[in-house]
S.K.: 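The structure is given below, and queries will be raised subsequently.
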Amino acid sequence: MTKPLAMAQTVAAARRDARQRILMCAPDDFDVRYVINPWMEHQIGKATRSLARAQWEALRRRIAQSTAIELVTPAAGLPDMAFTANAGFVIGDTAVVSRFRAEQRRAEEPLFRAFFAAQGFRLAPWPEEVAFEGAGDALVDRAQELVWCGYGMRSDAAAPRTLETLARRRVIGLELVDARFYHLDTCFCPLSGGYVMYHPPAFAPDSRAAIERETPPDKRIEIGEDDAMRFSCNAVDLDGTIVMNDASPALQARLAAAGFTPVLSPLGEFMKAGGAAKCLTLKLVEA
Ligand code: ARG
């Protein structure tokens, strides 16, 4: 006997997924060629392109099971371009192109701008003097009309307020204090149903208090150092299927208990550059 309710939920989930589109960029020229975060130290020239390609393909295939994928053409000489989370920040029909703090990544800006324009996004102006690294630092909450914006490492302290005027949505700035977790998406992940995975020591005390003020205790999934270092927070939530590089059995059980399905997709080559699943994706549909 089929269960009508379960069936209806599956159909509803499939419909929701059908509206999402995720931007990726093939790692054709992926490499570690400079050091702009602690993960890249001692890794110059150590990434294996063929293995990176296989890991990226596996991630792409897993996401494609439920979600449409858009591809931006990779450019030679831009080894970090595969990290499309840093293309910009998308909300509704508006896109804000990143203003990279890292000189080495600035040449990606016009390429991502052209992509957003070709896709029909309205391009919001962003002040050149304010560093802002897109959806690496600005994350749309999945339960309330709220955007979380990390600052202090790559995006400037002025980024949250600047974003608030453009996004016309409440923005909470979160100050990052551990260089290993230099983008918000390395230590914080809003999930469907109002859950939040986060690594508390990565935040200044006030910012940690802000997360705890906005998120009821039963919705907080605190990530310990070991899981944080596996980039468990750097996860893509595909309507409850949580795709991530790795997670301890305890974290997987915690996610399962909250109704999520963790899926591991190893991305070790990209970890050498300081990124994993979430960094390699950008959701193009954000309400
Ligand atoms: N090597 C890249 C950089 O430091 C990695 C970017 C990871 N992206 C992210 N959204 N955390 O810019």
Side-chain angles (χ1 to χ4, degrees), residues 22-25 27-47 49 52 55-56 59 63 72 74-75 77-90 96-109 111-112 131-140 147-156 159 163 174 176 178-190 197-199 202-203 223 228-237 243-246 267-284 286:
I22 286 186
L23 175 64
M24 296 183 74
C25 178
D28 290 8
D29 199 25
F30 171 72
D31 206 349
V32 180
R33 275 186 218 138
Y34 45 75
V35 176
I36 54 172
N37 68 55
W39 299 85
M40 300 172 99
E41 274 164 31
H42 314 298
Q43 296 295 350
I44 291 186
K46 301 245 170 84
R49 186 85 52 81
Q55 292 175 342
W56 183 87
L59 177 68
I63 294 174
V72 59
L78 297 174
D80 274 332
M81 195 173 166
F83 297 112
T84 51
N86 302 120
F89 173 76
V90 167
V96 180
V97 179
S98 286
R99 177 62 181 161
F100 284 98
R101 171 177 300 280
E103 284 281 339
Q104 293 92 333
R105 296 197 63 184
R106 288 221 169 137
E108 296 175 38
E109 293 171 13
L111 304 177
F112 288 131
F132 173 59
E133 298 201 352
D137 271 326
L139 303 175
V140 178
V147 175
W148 304 90
C149 184
Y151 68 89
M153 295 283 162
R154 299 288 281 272
S155 296
D156 280 332
L163 189 62
L174 297 176
L176 303 176
D178 182 332
R180 296 170 302 174
F181 306 111
Y182 59 96
H183 276 142
L184 184 61
D185 69 2
T186 63
C187 53
F188 184 88
C189 183
M197 278 198 286
Y198 72 115
H199 179 52
F203 298 91
I223 302 298
M229 291 299 283
R230 297 178 173 117
F231 267 30
S232 300
C233 294
N234 199 252
V236 188
D237 182 354
V243 185
M244 60 219 310
N245 168 65
D246 195 11
L267 294 161
E269 293 311 290
F270 297 96
M271 299 277 294
K272 295 174 182 172
K278 161 66 174 61
C279 305
L280 292 166
T281 63
L282 177 70
K283 286 187 176 174
L284 293 173
E286 290 285 15

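When a residue number appears, it is its place in the shown sequence, counting from 1. Order of appearance sets the numbers: ligands from 1, and atoms from 1 within every ligand. Since we're looking at a predicted model, the values are computed, not measured.
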S.K.: By number and element, which atoms of ligand 1 are closer than 4.0 Å to a non-hydrogen atom of G136?
M.R.: 10 (N)
S.K.: Indicate yes or no: at least one non-hydrogen side-chain atom of R101 is less than 4.5 angstrom from one of D156.
M.R.: yes
S.K.: Given side chain to side chain contact (heavy atoms under 4.5 Å, CB included), test I36 with D80 step by step and report yes or no.
M.R.: CA-CA 11 Å; I36 54 172; D80 274 332; 3.9 Å; yes
S.K.: Which residue and atom name correspond to the protein heavy atom nearest atom 1 (N) of ligand 1, and how close is it?
M.R.: A273 O, 2.8 Å
S.K.: Contact between F270 and F231 at the side-chain level, heavy atoms closer than 4.5 Å - yes or no?
M.R.: no
S.K.: Using heavy-atom distances, let me know which of M271, R154, H183 sits nearest atom 3 (C) of ligand 1.
M.R.: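 Checking each option, the heavy atom nearest atom 3 (C) of ligand 1 is found in R154.
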S.K.: What protein heavy atom sits nearest atom 10 (N) of ligand 1, and how far off is it?
M.R.: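 Here the nearest protein heavy atom works out to D185 OD2, 2.8 Å.
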S.K.: Between K283 and V90, is there a donor-acceptor pair closer than 3.5 Å when you use the side chain of the first and the backbone of the second?
M.R.: no
S.K.: Within the structure, does N234 bring an N/O atom to less than 3.5 angstrom of an N/O atom in ligand 1?
M.R.: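 For ligand 1, there is no N or O atom that lies under 3.5 Å from one belonging to N234.
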S.K.: My understanding is that only residues two or more places apart in sequence, or in another chain, count here; which of them pass side chain to side chain contact (heavy atoms under 4.5 Å, CB included) with A228?
M.R.: F181, H199, I223
S.K.: So, does N234 use its side chain to make a donor-acceptor pair with the main chain of D185 at under 3.5 Å?
M.R.: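 Flag set: sc N234 to bb D185 pair under 3.5 Å.
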S.K.: For A85, take its heavy atoms, then give the atoms of ligand 1 lying under 4.0 Å from any of them.
M.R.: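 Counting from 1, the qualifying ligand atoms are 10 (N).
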S.K.: Atom 8 (N) of ligand 1: which protein heavy atom is closest, and how many Å away?
M.R.: N86 OD1, 3.0 Å
S.K.: Heavy atom under 4.0 Å from ligand 1: found in R105's side chain, backbone, both, or neither?
M.R.: side chain
S.K.: Which option, W39, Y182, F100, owns the non-hydrogen atom nearest atom 5 (C) of ligand 1?
M.R.: Y182
S.K.: Report the nearest protein non-hydrogen atom to atom 9 (C) of ligand 1: residue, atom name, distance rounded to 0.1 Å.
M.R.: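 Here the closest protein heavy atom is C279 SG, 2.8 Å.
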S.K.: Would one find an N or O of N37, backbone or side chain, under 3.5 Å from an N or O of ligand 1?
M.R.: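 Checking ligand 1 against N37, an N or O pair does fall under 3.5 Å apart.
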S.K.: For G274, counting its heavy atoms only, list the atoms of ligand 1 lying under 4.0 Å from any of them.
M.R.: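 Answer for ligand 1: 7 (C).
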S.K.: Looking only at heavy atoms, which two atoms of E269 and K272 are closest? And how far apart?
M.R.: OE1-NZ, 3.0 Å
